[in-house]
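Note that this is a predicted model, so its numbers are computed, not measured.
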Amino acid sequence: MSLDLLSTVHTNVNCSNLERSVGFYRDVVGLTPVSHTAPLPQEGRGFGLPGQVQWDAHLLHDARGAIGPAIDLLEWKTPTPVGAPARDPHTLGIYRLCLAHPDLAALDATLRQRGHPPLAPPASMHLGVGDLEARFLCVRDPDGACVEFIEQPGDLRLLHVNVNCRDLDASSRWYQEVLGLAPLMPRCAPGPVGGEGLGFGERGPVRFRADFLGLPGQPDLVIDLLEWLDPTPVGAPATDANRLGWFRIAYLVADAEAGCRELDRLGVEHSGPCWLEMGPEIPIDGLRAVFFRDPDGTCLELIETPRLTSAD
């Protein structure tokens, strides 16, 4: 067995100035703020933060709206943000979020005009699977977190979250056995990538291998689980929940207690169910969440399906 995940809720990115970052993800990237969570101070145990914590956050969605996955764009008020997003694309943990975009040339021009120049012009890369290629472009958000776009027809949409791991075989097996994810395509193993590596912010040729893992049968937010071969992985996933940059991926479950029991059975340490207030603009009393980490230390979260507040 594995966790019984219903869907991906969001991937969280911490920012230092919520208004500025909302402007980037809304006006430049093209996502829509749908929900605003601004609760009063509350216990921070689940996040691994001592004492009382408080945040201000927007959930931003693509054209699928609230039924699809979101970016949880969050500014910590107490404690205040620390650190900085990873700069090296081969840093362990969540490094970038990828969106599908229909016209990278137009996006490139828009980013430059708005003062957010990409790391490099759009580039094409053969993925080492048949004749599959990806035309991509990377940019940094106002705090320096990496955002990737892959050219695909159709609407702008959240596509995948890149999670760098130390051992792809072991981590892929863990994500499949613990989360119940499944490979969506054959393993990507391109040969040495030359100038295209600049698109990720890496000088010189690079080599990597990756599995794209998702919830079976769902057009959901995918995990791009990637092991760097050259250069080899560096650093570690963020340990502090208030660290700037990409921090965690959250999944919806029907029952947080059942999720904890399954994590126990699988030998995965976790926080236990934690009650989180979401603030007055969200029509729920609160929600129960469980926090745990993958083999390298990347933070994952289970959110129990919340109950809507009864109308008066």
Side-chain angles (χ1 to χ4, degrees), residues 1-14 44-49 55 57 59 69-74 86 91-98 145 158 160-168 170-183 210-216 218 220-227 235-243 245-276 287-306:
M1 289 183 62
S2 62
L3 291 168
D4 188 10
L5 304 183
L6 302 177
S7 64
T8 310
V9 181
H10 60 68
T11 183
N12 151 245
V13 62
N14 296 322
R45 177 182 65 85
F47 293 100
L49 297 171
W55 68 84
L59 292 177
I71 292 179
D72 174 24
L73 181 62
L74 188 150
T91 302
L92 290 172
I94 304 173
Y95 178 72
R96 53 189 158 83
L97 173 74
C98 178
L158 300 174
H160 66 247
V161 182
N162 158 234
V163 178
N164 292 327
C165 64
R166 193 176 300 279
D167 182 334
L168 181 59
S171 288
S172 186
R173 184 168 57 251
W174 187 91
Y175 274 88
Q176 293 178 59
E177 293 177 353
V178 174
L179 299 189
L181 304 185
D211 281 345
F212 287 85
L213 305 172
L215 289 169
Q218 294 196 33
D220 211 352
L221 192 62
V222 171
I223 287 185
D224 167 22
L225 188 62
L226 189 150
E227 177 189 354
T239 56
D240 299 321
N242 58 326
R243 167 87 177 258
W246 301 107
F247 180 68
R248 57 190 156 85
I249 304 169
Y251 294 94
L252 190 68
V253 294
D255 186 335
E257 293 281 2
C260 289
R261 289 194 295 271
E262 184 61 15
L263 289 173
D264 288 337
R265 189 190 71 81
L266 294 165
V268 178
E269 294 184 6
H270 57 83
S271 65
C274 305
W275 182 257
L276 300 179
L287 54 82
R288 295 205 300 173
V290 180
F291 300 87
F292 59 107
R293 294 182 181 268
D294 80 358
D296 290 296
T298 297
C299 186
L300 303 168
E301 178 185 4
L302 304 179
I303 295 176
E304 183 177 283
T305 304

Is a side-chain donor or acceptor of D220 paired with a backbone partner of T8 at a separation under 3.5 angstrom?
yes
Main-chain N/O of D72 paired with T11 side-chain donor or acceptor, under 3.5 Å:
no
Do the side chains of L3 and V253 get nearer than 4.5 Å, heavy atoms only?
no
Donor-acceptor pair, side chain of Q218 and main chain of L6, under 3.5 angstrom:
yes
Over all heavy atoms of both residues, which pair between F292 and E269 is shortest? Give the atoms and the distance, please.
CB-O, 3.3 Å
Side chains of L213 and L179, heavy atoms from C-beta outward: is any pair under 4.5 Å?
no
Validation row: L5, L302 side chains within 4.5 angstrom (heavy atoms):
yes
Calculate, to the nearest 0.5 Å, the distance between atoms CG and CE belonging to L266 and M1 respectively.
9.0 Å
W246 and I71, any side-chain heavy atoms less than 4.5 Å apart:
yes
Determine yes or no for a side-chain-to-main-chain donor-acceptor pair under 3.5 angstrom, with D296 supplying the side chain and R166 the backbone.
yes
Examine distances only and state if a side-chain atom of R45 and a backbone atom of S271 form a donor-acceptor pair shorter than 3.5 Å.
yes
Taking the side chain from R248 and the backbone from A241, do they hold a donor-acceptor pair closer than 3.5 Å?
no
Test item: L263 and V178 side chains (from C-beta on) under 4.5 Å apart, heavy atoms:
yes
Reported CG-to-SG distance for the pair L225 and C165, which is rounded to 0.5 angstrom:
4.0 Å
State, to 0.1 Å, how close R243 and N14 come at their nearest heavy-atom pair, and which atoms those are.
O-ND2, 2.8 Å
Does the side chain of H270 come within less than 4.5 Å of D264's, by heavy atoms?
yes
Side chains of S2 and Q176 in contact at under 4.5 Å (non-hydrogen atoms)
no
Pick one: which of T298, D224, L97 meets side-chain contact (heavy atoms from CB on, under 4.5 Å) with V161?
L97
Rounding to 0.5 Å, atoms SG (C299) and CG (D240) come to a distance of 11.0 Å
Work out which heavy atom in A238 is nearest to a heavy atom in R293; give both atom names and the distance.
O-NH1, 3.2 Å
Where does the angle between the aromatic ring planes of W55 and F47 fall among parallel (under 30°), tilted (30 to 60°) and perpendicular (over 60°)?
perpendicular
For L74 and F247, what are the C-alpha separation, side-chain angles and deciding distance, and is it a side chain to side chain contact (heavy atoms under 4.5 Å, CB included)?
CA-CA 10 Å; L74 188 150; F247 180 68; over 6 Å; no
Heavy-atom distance under 4.5 Å between the side chains of R288 and D255, does that happen here?
yes
